[in-house]
Amino acid sequence: MTTHKQIVSRWIDLLWLAFLVGLALLPPVREIHKQLILVAIGAFQLVEGSMVARLPARGRAYSVIIKILLATILLDHTGGMAINSSYYPIYYLPVVTAAVYFGPLGTLLWTFLASTAYCSLLIPALEEYELTRQGATELAIRILFFFLAGMLVNRFAVEYRRQVQRYQILSEELAETNRELRQVQEQARRSERLAALGQLSAGLAHEIRNPLGIIKGSAEILGRKLQGSAPLALELAENISSEVNRLNALVARFLDFARPSPLTRQPVDLRVIVDRAAESVRLQYPQSAVQIVRHYSNEPAEVEADEQLTEQVFVNLILNALQAMEGQRDAKVFLSVAPGREDGRRGAVVEVQDTGPGVSPELREQIFNPFFTSKKDGVGLGLSIVAKIIDDHGGTIQLENHAVGGACFRVFLPAELKE
Ligand code: ADP
């Protein structure tokens with residue numbers, strides 16, 4: 001699509017070409033070299049932008065040099081004596097270009113070079129004529145005007161560049177603030193949902209627990225009474241009992257999630273906790289071929305936290321990573337632990353990253369919802385429990401997009417709880 005800016009710059013290019021055509025139509029019209037140089041100036045003006053963009057380091061200097069050369073050749077082909085040519089203002093072109101691209105010192109230097117190039121045209125003239133006082137004065141005036149124009153344009157260009165830089169910084173800061181705001185909103189929404197669902201599941205779990213106890217007790221009594229007499233009924237009673245156990249475990253997890261867990265905070269080194277979590281996952285999945293890669297800082301990542309609950313956080317995250325990469329070849333989990341800061345608070349940062357399929361943008365927020373699962377036998381409480389424990393510690397958890405692919409959960413735990 002053509003933007004407004006592109007249309008304006010095309011118009012300016014056309015105007016610029018029209019002025020060059022005007023110069024071409026003025027005498028000496030039959031001087032083919034003059035016309036060719038004007039074409040070269042026009043063509044260079046059109047490609048200059050892309051050349052400077054492609055060669056950011058030297059493109060600007062090349063551009064000024066080329067313009068000084070073209071100006072000098074143009075003067076050489078217009079007017080009997082090059083130094084007297086009425087086309088001498090063409091030197092404003094390199095001077096103004098330098099003023100736009102460089103700082104004040106650069107502008108002075110390039111203007112000096114342009115003036116030297118102009119003065120070099122004196123050499124052939126001096127072979128035939130003498131430089132009169134009046135001629136020298138005229139030359140000095142012209143050169144001083146080069147400097148005046150260069151410095152004037154440079155002042156505006158420098159100020160403009162400063163403004164652009166200021167706006168750039170401002171817009172970057174604004175984007176960063178926006179990003180942080182979105183994260184805070186995301187976390188606030190998550191906390192609200194957790195609180196509401198926590199209360200609901202706590203109520204339900206309590207209600208379910210009592211009848212479950214009675215069913216289990218009854219099934220056991222039934223089993224004892226039927227011992228040996230009716231094998232089928234006995235098997236059914238055992239089924240009831242084992243299914244009740246399963247339900248009880250589930251209810252226990254609901255309660256874990258819902259109960260306002262009292263924290264027993266003590267100084268812990270998260271490198272030790274994450275190691276312990278990885279070990280416990282290994283014990284649960286002894287056959288897993290997933291490689292665990294550790295990047296731990298040398299200095300301790302110490303925070304005041306509940307040892308058991310934080311271990312559960314990392315167990316859940318590592319378990320999820322393992323499950324996401326099930327059956328995948330060359331699967332890896334990267335664990336990194338280091339002291340860090342967030343929002344001006346001191347603490348530690350742990351990243352659990354895998355090489356699995358990652359989380360699609362649509363699911364980014366949902367995965368923290370209680371009971372959201374994409375697994376056949378998942379419950380969908382793992383990440384909710386993780387988020388809740390981290391919330392209770394005054395920390396944050398974010399799912400980050402990483403270049404390697406896979407999911408990367410970044411956990412920040414503050415060194416001390418905010419009062
Ligand atoms: P569950 O493990 O029971 O499904 P969780 O709350 O732990 O419950 O996870 C919720 C969902 O988040 C998972 O079902 C999965 O879709 C997604 N998820 C969590 N961790 C990862 C991961 N490391 N890679 C890809 N998806 C993940």
Side-chain angles (χ1 to χ4, degrees), residues 186-187 189-198 200-202 204-205 246-259 261 274 277-278 280-285 288-295 309-337 349-392 395-412:
E186 206 173 282
Q187 277 186 0
R189 274 201 300 275
R190 212 184 285 156
S191 301
E192 265 171 35
R193 275 196 303 263
L194 284 184
L197 274 150
L200 181 74
S201 38
L204 264 179
R246 225 163 64 88
L247 277 178
N248 254 333
L250 198 62
V251 168
R253 289 192 73 183
F254 281 8
L255 282 175
D256 267 353
F257 162 65
R259 204 180 291 132
S261 40
V274 172
S280 133
V281 174
R282 270 258 174 266
L283 289 177
Q284 286 184 52
Y285 280 85
S288 166
V290 173
Q291 196 188 336
I292 294 184
V293 186
R294 292 172 173 83
H295 296 292
L309 292 177
T310 35
E311 186 179 327
Q312 194 186 349
V313 164
F314 301 116
V315 165
N316 286 8
L317 291 179
I318 301 170
L319 262 179
N320 272 346
L322 247 63
Q323 288 166 353
M325 297 187 293
E326 229 157 56
Q328 184 185 313
R329 283 183 55 198
D330 210 16
K332 287 193 183 93
V333 180
F334 298 93
L335 300 176
S336 76
V337 188
V349 175
V350 178
E351 284 187 352
V352 179
Q353 189 186 355
D354 60 54
T355 53
V359 179
S360 64
E362 312 85 69
L363 296 186
R364 278 180 66 86
E365 229 186 284
Q366 286 192 47
I367 57 168
F368 290 99
N369 283 349
F371 312 119
F372 172 85
T373 180
S374 61
K375 297 170 194 163
K376 206 160 47 66
D377 48 4
V379 183
L381 276 179
L383 285 179
S384 319
I385 292 173
V386 164
K388 183 169 180 295
I389 295 173
I390 294 172
D391 253 12
D392 291 346
T396 57
I397 177 164
Q398 273 147 31
L399 171 62
E400 301 203 331
N401 290 321
H402 265 247
V404 198
C408 175
F409 288 89
R410 179 184 186 277
V411 174
F412 169 78

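Note that ligands are numbered from 1 as they come in the structure, with each ligand's atoms numbered from 1 the same way.
- Residue, atom and distance of the protein heavy atom nearest to atom 10 (C) of ligand 1 are F372 O, 3.3 Å.
- Under a 4.0 Å criterion applied to the non-hydrogen atoms of G378, ligand 1 contributes the atoms 3 (O).
- The shortest heavy-atom distance from G358 to ligand 1 is under 4.0 Å.
- Side-chain atoms of D354 come within 3.5 Å of backbone N or O of A407 as a donor-acceptor pair.
- Scanning the protein heavy atoms around atom 14 (O) of ligand 1, the nearest turns out to be S374 N, 2.8 Å.
- The heavy-atom pair separating C408 from Q353 by the smallest distance is CB-CG, 3.7 Å.
- Of all protein heavy atoms, the one closest to atom 23 (N) of ligand 1 is D354 OD2, 2.8 Å.
- In plain terms, the two heavy atoms of V274 and I318 that are nearest each other are O-CD1, 4.4 Å.
- Ligand 1 has a nitrogen or oxygen under 3.5 angstrom from a nitrogen or oxygen of G380.
- Side chain of R364 to main chain of V359: no donor-acceptor pair is present (N/O by atom type, distance under 3.5 Å, no hydrogens or angles).
- The A407 neighbourhood of ligand 1 comprises atoms 22 (C), 23 (N), 24 (N), with distances under 4.0 Å to a heavy atom of that residue.
- Applying the side-chain contact (heavy atoms from CB on, under 4.5 Å) test between I390 and each of V411, L309, T310 identifies V411 as the sole match.
- Protein heavy atom at the shortest distance from atom 12 (O) of ligand 1 is I367 CG2, 3.2 Å.
- Proximity of A321 to ligand 1 is established by a heavy-atom distance of less than 4.0 Å.
- Atom 19 (C) of ligand 1 has its nearest heavy-atom neighbour, among I385, T373, N320, in N320.
- Looking at ligand 1, you'll find an N or O of L383 within less than 3.5 Å of one of its N or O atoms.
- The two residues P370 and S384 have their closest heavy-atom pair at CA-OG, 3.1 Å.
- Atoms CD and OG1, from E186 and T396 in turn, are 11.0 Å apart once rounded to the nearest 0.5 Å.
- Residue I389 is tested with D392, V386, I385 for a side-chain contact (heavy atoms from CB on, under 4.5 Å); the sole match is I385.
- Residue V359 has no nitrogen or oxygen atom sitting less than 3.5 Å from a nitrogen or oxygen atom of ligand 1, judged on distance alone.
- Taking atom 2 (O) of ligand 1 as the reference point, the nearest protein heavy-atom neighbour is K375 NZ, 2.7 Å.
- Listed for the Q328 side chain is a donor-acceptor partner under 3.5 Å among the backbone atoms of T355.
- Contact annotation for A324 and ligand 1: only side-chain heavy atoms (C-beta onward) come within less than 4.0 Å of the ligand.
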